[in-house]
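Structure, as structure tokens:
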Amino acid sequence: MEYRVVIPAAGQGKRMKAGKNKQFILLEDQPVIVHTLNVFQNDPNCIGIILVINEKEKKEFCELVDANKLSKVSHILNGGKERQDSVYKGLKALPGEEDGVVLIHDGARPFVTCDMITRVAKKAAAKGAAVLAVPLKDTIKSGNDGIVLKTLNRSSLWAVQTPQAFRSSIIIKAYEHAERCGITATDDASLVEELGYEVSIVLGEEYNIKLTTPYDLSMAEVILKWKENKG
Ligand SMILES: Nc1ccn([C@@H]2O[C@H](COP(=O)(O)OP(=O)(O)OP(=O)(O)O)[C@@H](O)[C@H]2O)c(=O)n1
Ligand SMILES: C[C@](O)(CO)[C@H](O)COP(=O)(O)O
């Protein structure tokens, strides 16, 4: 199942408080983004990586791409204010004539594996749209001003990850519709749902975390050691 992947890596990383793009933070001996890009570079089913970056970080990103021989990577400059803007810029770089499978994966999720990628890509090829997700372990309640409003039924709630995978015609249509109607969302599948398409859930992995806060960096070190021991 061949696919292309759009990888947004143009965020400010405000919650990480690292004073730099969190994609450049070292995990063991490699920057976060190199861990992420290597997985797709080494996946024979990946036929292209569209990396969305900011102009001011172009030199640093391109040096990493060259030094690590990431031959499948092409970069798109100046994502946008929100993740959605950056992803849309990346999607516009897809070859127009294809209706192939496109994945969208956060640059800040370095622990994705070929197995997860293959499963979500295959589901999207068959069904049109799919997301990786893991079941919740905590009870979830809604609340305002410190007061519980409602306890939600945990059995129908999922923690959604990336890659999110789509037939390219569907995700392009969804992003065009969102731009026309001023719809914003924190993930890509939401925009597809807005058009009434069914989105399939594919089981992800707990360790496929997004590096968002300093605590996640500590968890990342634990995950690296756990994966090394697991073999
Ligand atoms: N305008 C943006 C915002 C986010 N991203 C990317 O989208 C992924 C997920 O976003 P998030 O974890 O929220 O990153 P930031 O927006 O950088 O984090 P923060 O909200 O803490 O600033 C990250 O790889 C980030 O680099 C992006 O390319 N362009
Ligand atoms: C796309 C995502 O990773 C799915 O869980 C998440 O919505 C990104 O949120 P962020 O606030 O842009 O990191």
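Every number for a ligand or one of its atoms is a count from 1 in the order of the listing. Scope of the values below: all heavy atoms of this structure, side chains included, with no hydrogens, waters or symmetry mates. Since the model is a prediction, treat every value here as computed from it, not as a measurement.
No side-chain heavy atom of Thr184 sits under 4.5 Å from any side-chain heavy atom of Glu82.
The neighbour count for Glu176 CD, taken as heavy atoms of other residues, nucleotides or ligands under 6.0 Å away, is above 12. Residue-environment remark: CD (Glu28) exceeds the threshold of 12 foreign heavy atoms within 6.0 Å. Within 6.0 Å of CD on Glu221 lie more than 12 heavy atoms contributed by other residues, nucleotides or ligands.
Listed by chain and number, residues touching ligand 1 at under 4.0 Å (heavy atoms only) are Pro8, Ala9, Ala10, Gly11, Gln12, Gly13, Lys14, Arg15, Lys22, Gln23, Gly80, Lys81, Glu82, Arg83, Ser86, Asp106, Gly107, Ala108, Lys210. If you look at ligand 2, the protein residues with a non-hydrogen atom under 4.0 Å away are Arg15, Arg83, Asp106, Arg109, Val160, Thr162, Thr186, Asp187, Lys210.
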Hey, can you pull the donor-acceptor pairs under 3.5 Å for the side chains in residues 224-231, sequence neighbours left out?
| unit_1 | atom_1 | unit_2 | atom_2 | d |
| --- | --- | --- | --- | --- |
| Asn229 | ND2 | Lys225 | O | 3.4 |

Side chains of residues 29-43: which donor-acceptor pairs under 3.5 Å do they make with residues two or more places apart or in other chains?
| unit_1 | atom_1 | unit_2 | atom_2 | d |
| --- | --- | --- | --- | --- |
| Gln30 | NE2 | Asn68 | OD1 | 3.0 |
| His35 | NE2 | Leu27 | O | 2.9 |
| His35 | NE2 | Gln30 | O | 3.3 |
| Thr36 | OG1 | Val32 | O | 3.3 |
| Thr36 | OG1 | Gly107 | O | 2.9 |
| Asn38 | ND2 | Val34 | O | 3.3 |
| Gln41 | OE1 | Ser71 | N | 3.1 |
| Gln41 | OE1 | Lys72 | N | 2.9 |
| Gln41 | NE2 | Ser71 | OG | 2.8 |
| Asn42 | ND2 | Asn38 | O | 3.0 |
| Asp43 | OD1 | Asn45 | N | 2.9 |
| Asp43 | OD2 | Tyr3 | OH | 2.7 |

_Run the salt bridge (charged side-chain N to carboxylate O under 4.0 Å, His left out) test on Asp188 and Arg83 for me, step by step, so that the C-alpha distance in whole Å, both residues' side-chain angles and the decisive distance to 0.1 Å come before the verdict._
CA-CA 9 Å; Asp188 313 291; Arg83 177 185 180 282; 2.9 Å; yes
*Please assess Thr118 against Asp115 for the test side-chain hydrogen bond (donor to acceptor under 3.5 Å, both in side chains), listing each intermediate value before the final yes or no.*
CA-CA 5 Å; Thr118 302; Asp115 168 60; over 6 Å; no
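Centroid-to-centroid, the aromatic rings of Phe111 and Tyr207 stay 6.0 Å apart or farther.
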